[in-house]
S.K.: 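A single structure is presented below for examination.
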There are 2 protein chains.
Amino acid sequence: MTEICKVYEEHLDKILEAKKKLPEEETILEVSDFFDALGNPTRLKILFALLEDELCTCDLSNITGLSVSAISHQLRILKDRKIVTYRKDGKNVFYSLDDEHIREILKVALKHMEE
Amino acid sequence: MTEICKVYEEHLDKILEAKKKLPEEETILEVSDFFDALGNPTRLKILFALLEDELCTCDLSNITGLSVSAISHQLRILKDRKIVTYRKDGKNVFYSLDDEHIREILKVALKHMEE
DNA sequence: TCCACATTTGAGCAATTGTGCAAATGTTCT
DNA sequence: AGAACATTTGCACAATTGCTCAAATGTGGA
């Protein structure tokens with residue numbers, strides 16, 4: 001934290017430039033939260049399953065093989081971060097992807113893996 | 001884990017369909033690792049800084065305000081997951097983004113935040 | 001109202017993560 | 001070889017995470 005490298009002049013320019021163009025701390029944290037939500041196998045399975053169609057908590061528990069409770073905990077994270085949305089229907093709560101960006105990002109990531 | 005919800009017939013179809021279309025476990029883990037690497041403020045700062053230009057470990061330490069060691073640890077993760085690449089030049093090691101997918105995904109994520 | 005079932009919530013715990021420190025390794029120059 | 005500096009690595013420790021279990025809450029029907 002306190003250590004300081006000897007910096008060449010050419011580097012100083014690049015450092016200042018990079019610092020200036022870096023997004024706000026708050027934005028960084030938001031983006032980080034967003035990716036963090038996608039960076040977990042259980043949550044990814046939920047999202048890939050929702051690519052097809054809306055599903056309820058219980059369905060998702062069946063699909064993933066995890067407890068209803070575990071799924072509910074993860075759905076909360078996805079809901080809080082505006083990655084999924086939901087509608088209530090009687091005793092069931094149906095979850096679905098919140099918007100097109102999610103689809104697009106999942107698609108690009110899958111493509112990235114193939115190379 | 002062992003609890004099983006009562007499943008309606010219409011749900012059964014959707015569950016089977018979703019299970020069938022779910023990517024391989026291994027693919028899920030790869031994608032998860034990929035997003036997980038992006039889901040951390042320090043690593044995101046590194047990546048946003050690299051959007052501009054290649055930078056060395058020491059530059060990135062300056063830009064983020066973290067120790068050279070901390071940055072090096074994070075660079076290792078990004079390197080292992082093929083998100084950044086590097087070239088050696090004397091005592092310095094210069095890092096840069098590995099491919100266009102990273103740029104694209106960072107861009108879409110930022111756009112997602114704005115809405 | 002009482003029951004059955006879907007879902008959520010909170011506590012607790014093992015496992016993982018992010019960081020700094022100190023030491024090791026690499027590289028250039030004298 | 002030895003000095004100076006950039007980088008990496010292993011360790012330790014606090015903080016966070018993901019899950020289960022048990023209890024609470026919500027909802028519809030008898």
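The sequence lines fix the lettering, A, B, ..., with proteins before strands; numbering per chain opens at 1.
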S.K.: Less than 4.0 Å between a side-chain N and a carboxylate O, is that true for A:E100 and A:R103?
M.R.: yes
S.K.: I'd like to know if the side chain of A:S72 and the backbone of A:V68 have a donor-acceptor N/O pair within less than 3.5 Å.
M.R.: no
S.K.: Separation of B:D80 atom CG from C:dG18 atom C1', in whole Å?
M.R.: 16 Å
S.K.: Starting at atom CG of A:N62, determine the distance to atom C1' of C:dT7, rounded to an integer number of angstrom.
M.R.: 14 Å
S.K.: What distance do B:F48 atom CZ and B:L110 atom CG have between them, rounded to the nearest 0.5 Å?
M.R.: 4.0 Å
S.K.: Charged N to carboxylate O under 4.0 angstrom, B:K82 versus B:D99?
M.R.: no
S.K.: With distance as the sole test, does A:N40 use its side chain to make a donor-acceptor pair with the main-chain N or O of A:T42 at under 3.5 Å?
M.R.: yes
S.K.: Just the rounded figure in Å: distance from P of C:dT8 to CD1 of A:I77.
M.R.: 13 Å
S.K.: Which ones in residues 27-45 of chain A lie close to DNA chain D, meaning a heavy atom under 4.0 Å from one of its atoms?
M.R.: A:N40, A:T42, A:R43
S.K.: Keeping the roles fixed (side chain from B:N62, backbone from B:C58), state whether a donor-acceptor pair exists under 3.5 Å.
M.R.: yes
S.K.: Which is more 5' along DNA chain D, the nucleotide nearest A:K88 or the one nearest B:Y86? Just name the residue.
M.R.: B:Y86
S.K.: Starting at atom CG of B:D59, determine the distance to atom C1' of D:dA6, rounded to an integer number of angstrom.
M.R.: 11 Å
S.K.: Specify the separation, in whole Å, of atom NE2 of A:H11 and atom P of D:dC5.
M.R.: 15 Å
S.K.: On the nucleotide D:dC19, are OP1 or OP2 found under 4.0 Å from the side-chain N or O atoms that A:Q74 carries?
M.R.: yes
S.K.: What's the separation between atom CD in A:E52 and atom CD1 in B:I15, rounded to the nearest 0.5 Å?
M.R.: 13.5 Å
S.K.: So, the side chain of B:K14 versus the backbone of A:E54: is there a donor-acceptor pair under 3.5 Å, distance only?
M.R.: yes
S.K.: Tell me whether the rings of B:H112 and A:H101 are parallel (<30°), tilted (30 to 60°) or perpendicular (>60°).
M.R.: perpendicular
S.K.: Sort me out a list of protein N/O and nucleotides 9-16 of chain D N/O pairs below 3.5 Å, or just none if empty.
M.R.:
from   : atom 1 : to    : atom 2 : distance (Å)
D:dT9  : O4     : B:S69 : OG     : 3.0
D:dG10 : O6     : B:H73 : NE2    : 2.9

S.K.: How many whole angstroms separate atom CD1 of B:I46 from atom P of D:dT7?
M.R.: 12 Å
S.K.: With a 4.0 Å limit, can you tell me whether B:S67 has a side-chain N or O closer than that to the phosphate oxygens OP1/OP2 of C:dG20?
M.R.: yes
S.K.: Of the residues in residues 89-98 of chain A, which ones touch DNA chain D at a heavy-atom distance under 4.0 Å?
M.R.: A:G90, A:K91
S.K.: To the nearest 0.5 angstrom, please state how far the CG atom of B:D98 sits from the NZ atom of B:K79.
M.R.: 12.5 Å
S.K.: Let me know the distance between CZ of B:R87 and P of D:dT7, rounded to the nearest Å.
M.R.: 12 Å
S.K.: Can you measure from CD1 (A:I71) to CZ (A:R43) and round to the nearest 0.5 angstrom?
M.R.: 11.0 Å
S.K.: What is the distance from CD1 of B:I71 to P of D:dT8, rounded to the nearest Å?
M.R.: 11 Å
